[in-house]
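Have a look at this one before I ask anything.
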Amino acid sequence: MLHGKRILLIVAGGIAAFKSLELIRRLRERGAAVRCVVTEAGAKFVTPLSLQALSEDRVYTDMFSLTDENEMGHIQLSRDADLLVVAPATANILARMAGGMADDLAATVLLATDKPVLAAPAMNVRMWTHAATVANVETLKKRGVTFIGPNDGAMACNEHGPGRMSEPAEIVAAIESMLAVGLASARPLLEQPLAGKRALVTSGPTREAIDPVRYISNHSSGKQGHAIAAALARLGAEVTLVSGPVTVADPTGVRTVHVDSADEMLAACLAAGAIDVAVCAAAVADWKVAKPSKAKIKKKPGAQPPALDLAPNPDILATLSKPGTGRATLIVGFAAETENLVANAIDKRQRKGCDWIVANDVSPATGTFGGERNTVHLISATGVEDWPTLAKDEVAGRLAARIALHLARPRSAEAAE
Ligand code: C5P
């Protein structure tokens, strides 16, 4: 998707600079050429040598280096690029950009450029919410700079809140979106591409009562579904998250409805009303106990263990996917499999009538259930996309960006997807 594109990556001095190495790797994997400019402070967090090794190009640091100016003037650096990406964009570089400063090579290139600029802010939450930064960001947005992030979460400075740089996969997806829709119309699409859209996400396991104290359930942690709900909300969607019993916290900016059983989950989904997109990430129990006992089943000495008479649960994904006027534009299911992953998932997409399936291997060896990472394949009507192993947050960010791109596209473009 990024073949032939040239990206000038400006690395400023923040702890998130380490993520720029991953960003370069991912951009190059997709065929983009990446050239780096690093600020003096940026070089304290990530060495020019590492940037050079991954970009396989010279790294530019100094405005007053005769070799730099001889080989590649600062104007030429921006002329040669299709897009400038500032990642991490610290409070300091944003202030210098807003102030029109040209006090180092990075700021000078940014002042001299007529190319689109994407900034991925990363800073302490108080710096991000400080009136000075807020005003600088406003100014830069008015001048046409596009922003991605920052994300909410735990920060290196032991605080919590907005300030974490977007994950490399999210930045790559944003760059791909910018280039797919044309640079001119990219900005509103990127900032809140799902504004005005309603999303429904199911997450976690369900709990099927045997009696008032015992139940049947599974190991789903809800981490992936919750991360997807948060990622959709970050892109501006109005999100209802229907969650089975989990220990992960309710995501911020999301309406979370807590349920126990599959029947309750289905009822909560139907009560969510009209939606544009549904992501069914919950591990819904396939069976429930046909007639749960009203009282605790007693253990009688010498007696046989009681038999459990099971009945099928409603299939929430299949129910939401039924064709009809109220059907969401896009319905995404998950397939957790331990063998024949892709073949089973392709079959599942057709059986359930959903549009996409995110297939993930949940063999115990992968540590997917309850773990932090996930290796998935995205299956649509047009084929199978293998994604690399990513943190669950990254899978969520990437999926949310793909959903935004899909909902933003005219039907004709979807066929070519
Ligand atoms: O049939 P299976 O459980 O493998 O299908 C997985 C997908 O279907 C997931 O997206 C899951 O959330 C959804 N599902 C559902 N209701 C069920 C069973 C599965 O929504 N009763």
Side-chain angles (χ1 to χ4, degrees), residues 199-209 215-229 231-232 239-246 248 256-272 275 277-290 310-323 326-328 330-363 366 368-370 374 376-381 384 387 392 395-396 399-400 402-403:
L200 171 71
V201 180
T202 69
S203 182
T206 64
R207 223 176 237 187
E208 310 299 332
Y215 57 81
I216 301 172
S217 192
N218 60 64
H219 289 300
S220 169
S221 64
K223 282 181 189 164
Q224 187 63 82
H226 279 52
I228 291 167
L232 291 168
V239 183
T240 300
L241 170 65
V242 182
S243 171
V246 292
V248 285
T256 306
V257 181
H258 295 274
V259 296
D260 269 347
S261 66
D263 282 322
E264 288 170 13
M265 188 171 271
L266 176 62
C269 287
L270 297 177
I275 45 163
V277 55
V279 181
C280 292
V284 183
D286 290 314
W287 303 283
K288 61 186 164 189
V289 176
L310 299 178
N313 259 328
D315 192 312
I316 299 165
L317 176 60
T319 307
L320 296 176
S321 299
K322 280 208 187 94
R327 189 192 188 277
L330 179 65
I331 299 184
V332 186
F334 270 68
E337 303 280 350
T338 53
E339 51 197 0
N340 298 331
L341 178 61
V342 170
N344 283 335
I346 290 172
D347 180 52
K348 190 163 294 177
R349 196 187 78 84
Q350 277 171 346
R351 250 187 311 112
K352 304 252 185 177
C354 60
D355 303 294
W356 296 352
I357 284 271
V358 179
N360 55 340
D361 186 346
V362 290
S363 328
T366 63
T368 301
F369 257 145
N374 210 350
V376 308
H377 311 265
L378 181 65
I379 289 147
S380 67
V384 180
W387 290 7
K392 287 183 176 175
V395 171
L399 184 64
R402 289 299 298 267
I403 289 171

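Atoms within each ligand, like the ligands themselves, are counted from 1 in listed order.
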- Only counting residues at least two apart or in another chain, list the ones meeting side-chain contact (heavy atoms from CB on, under 4.5 Å) with Val248. Lys223, His226, Val246
- Message: Return the CG to CG distance between Asn313 and Asp286, rounded to the nearest 0.5 Å.
- Response: 7.5 Å
- Query: Nearest to atom 1 (O) of ligand 1, what protein heavy atom do you find, and at what distance?
  - Reply: Lys352 NZ, 2.9 Å
- Just need the protein heavy atom nearest to atom 6 (C) of ligand 1, so name the residue and atom and give the distance. Phe334 O, 2.9 Å
- Query: CG of Asn344 to CZ of Arg349: how many Å apart, nearest 0.5 Å?
  - Reply: 14.5 Å
- Query: Shortest non-hydrogen contact from Lys288 to Pro312?
  - Reply: CE-O, 3.7 Å
- atom 3 (O) of ligand 1 sits nearest the protein heavy atom Asp286 OD1, 3.9 Å
- For Pro314, the ligand 1 atoms whose distance to one of its heavy atoms is below 4.0 Å: 16 (N), 17 (C), 21 (N)
- In the protein, what heavy atom is nearest to atom 12 (O) of ligand 1, and what distance, to one decimal place, separates them? Ala282 O, 2.6 Å
- Query: What protein heavy atom sits nearest atom 20 (O) of ligand 1, and how far off is it?
  - Reply: Leu317 N, 2.8 Å
- Please say whether Lys348 places an N or O atom under 3.5 Å from an N or O atom belonging to ligand 1. yes
- Any atoms of ligand 1 less than 4.0 Å from a non-hydrogen atom of Val284? List them with their elements. 15 (C), 16 (N), 17 (C), 18 (C), 20 (O), 21 (N)
- For atom 16 (N) of ligand 1, what is the nearest protein heavy atom, given as residue, atom name and distance? Ile316 N, 3.0 Å
- Consider every N or O of Gly333 and every N or O of ligand 1, then say whether any pair is closer than 3.5 Å. no
- Item | From Val376, Asn374, Val358, Asn360, residue fulfilling side-chain contact (heavy atoms from CB on, under 4.5 Å) relative to Trp387 | Val376
- Looking at CG of Leu317 and CG of Leu266, how far apart are the two atoms once the value is rounded to the nearest 0.5 Å? 11.5 Å
- Query: Pick from Ile331, Val279, Leu330: which one makes a side-chain contact (heavy atoms from CB on, under 4.5 Å) with Trp356?
  - Reply: Leu330
- Query: When you measure from atom 10 (O) of ligand 1 to each heavy atom in Gly225, Cys280, Ala318, which option holds the nearest one?
  - Reply: Cys280
- Query: For Ala231, what residues pass the side-chain contact (heavy atoms from CB on, under 4.5 Å) criterion, not counting sequence neighbours?
  - Reply: Arg234, Ala396, Ala400
